[in-house]
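Here's the structure we're looking at; comments come further down.
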Amino acid sequence: MKPFLYDLPILPNSFEFPVGYLDVVLADEFLDIKPWRLLSKDMATSLFYYSSMLLKFSGAAVVPFAIIQDESGLYNDGWVVLACFDGGGKEGTTGVRIYDYSKPKLSPWDNLSYSGFSEWFSAAKEESSRYKAEQVEDKDKGYS
């Protein structure tokens, strides 16, 4: 399936997806970084959270690209967490901002951030390993 990359005139002016992100998305391989999942696999969810960020931060150029939506509550008590590209950064640089619905802020710049996609992707892989280990631990304790 072709990835959804907001092929609409809704992206911030001069915004370009980072090459590392495009490499991952366009490879179209199974990517297991649970609890994270890339929004490029789901156009409806992509557009929903993009519009949500536009409503929350009308003056900010944030482009959601990954989501945690753990209905089990194991991660973040089930609250949604978004990873968003900072489309308002300097030309050639696209930082990543994390927006946690359990801790709403007045600005997307008040949250956890990463210098770019590669740094976020490394952190997401580490987070995935911890999450999966916690799932196994909880299952072994009989919490599932």
Side-chain angles (χ1 to χ4, degrees), residues 1-8 10-12 15-90 92-144:
M1 183 166 102
K2 181 181 174 191
F4 178 71
L5 296 171
Y6 301 104
D7 295 334
L8 304 168
I10 61 173
L11 290 172
F15 175 81
E16 292 182 18
F17 286 102
V19 173
Y21 172 74
L22 291 175
D23 288 345
V24 168
V25 169
L26 297 175
D28 199 31
E29 297 172 359
F30 176 72
L31 181 65
D32 183 8
I33 53 172
K34 191 176 182 180
W36 286 103
R37 65 185 168 93
L38 297 179
L39 289 170
S40 62
K41 302 285 186 189
D42 185 342
M43 180 174 64
T45 303
S46 295
L47 291 171
F48 176 82
Y49 283 104
Y50 188 89
S51 63
S52 174
M53 290 290 98
L54 285 174
L55 290 171
K56 287 180 186 307
F57 308 115
S58 60
V62 290
V63 180
F65 69 91
I67 187 170
I68 295 176
Q69 197 168 17
D70 180 21
E71 294 168 7
S72 74
L74 177 63
Y75 187 94
N76 204 28
D77 291 329
W79 287 91
V80 168
V81 179
L82 290 176
C84 304
F85 291 121
D86 182 354
K90 295 178 186 173
T93 63
T94 307
V96 173
R97 304 285 176 182
I98 303 300
Y99 186 76
D100 183 342
Y101 275 73
S102 74
K103 301 172 191 153
K105 305 287 185 190
L106 297 176
S107 162
W109 294 275
D110 293 337
N111 296 296
L112 178 63
S113 65
Y114 298 93
S115 63
F117 177 76
S118 296
E119 183 183 8
W120 172 83
F121 196 45
S122 293
K125 289 176 185 175
E126 290 174 22
E127 197 169 20
S128 178
S129 294
R130 286 191 305 273
Y131 175 80
K132 290 170 188 167
E134 286 179 33
Q135 277 187 315
V136 169
E137 189 176 298
D138 281 359
K139 190 174 186 176
D140 290 345
K141 290 179 182 176
Y143 295 142
S144 59

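Here, residue 1 is the first one in the sequence, and each next residue gets the next number. The structure displayed is predicted, hence computed values, not measured ones.
When the salt bridge (charged side-chain N to carboxylate O under 4.0 Å, His left out) test is applied to K41, the partners found at least two apart in sequence or on another chain are D28. Qualifying side chain to side chain contact (heavy atoms under 4.5 Å, CB included) partners for E119, counting only residues two or more places apart in sequence or in other chains: Y114, S115. With sequence neighbours left out, F48 forms a ring-ring contact (aromatic ring centres under 6.0 Å, His included) with no residue at all. The ring-ring contact (aromatic ring centres under 6.0 Å, His included) search around Y6 returns F4, Y50, not counting sequence neighbours. In terms of the salt bridge (charged side-chain N to carboxylate O under 4.0 Å, His left out) criterion, D23 has no residue partners (sequence neighbours excluded). Scanning for side chain to side chain donor-acceptor pair (under 3.5 Å) contacts around S72 gives D70, with sequence neighbours left out. Under the side chain to side chain donor-acceptor pair (under 3.5 Å) criterion, D32 pairs with K132, not counting sequence neighbours. S51 meets the side chain to side chain donor-acceptor pair (under 3.5 Å) test with no other residue; sequence neighbours excluded. Applying the side chain to side chain donor-acceptor pair (under 3.5 Å) test to S52 and every residue at least two apart in sequence or in another chain returns Y101. Remark: S102 pairs with N76, W79, D100 by the side chain to side chain contact (heavy atoms under 4.5 Å, CB included) rule, at least two apart or across chains.
Side-chain contact between Y49 and F65 is absent, with no heavy-atom pair separated by less than 4.5 Å. Put simply, the side chain of V24 reaches to within 4.5 Å of the side chain of L31, judged on heavy atoms. Using a 4.5 Å heavy-atom threshold, the side chains of D42 and I67 count as separate. Taking the side chain as every heavy atom from C-beta outward, V96 and S113 never approach each other to under 4.5 Å. Side-chain contact between V63 and C84 is absent, with no heavy atoms from C-beta onward closer than 4.5 Å. By the 4.5 Å heavy-atom criterion applied to side chains, V19 and F117 are not counted as neighbours.
The shortest heavy-atom contact between E16 and T94 is O-OG1, 3.8 Å. When all heavy atoms of P18 and F85 are compared, the pair lying nearest together is CG-CE2, 3.5 Å. Here the closest heavy-atom approach between residue L11 and residue L5 is recorded as CD1-O, 4.2 Å.
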Expected list for residues 33-40: side-chain donor-acceptor pairs under 3.5 angstrom, two or more places apart:
unit_1	atom_1	unit_2	atom_2	d
W36	NE1	E127	OE1	2.7
R37	NH2	Q69	OE1	3.0

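Between the side chain of S58 and the backbone N or O of L54 there is no donor-acceptor pair closer than 3.5 Å.
Taking the six-membered ring wherever Trp is involved, the centroid distance between the rings of F121 and Y21 does not fall below 6.0 Å.
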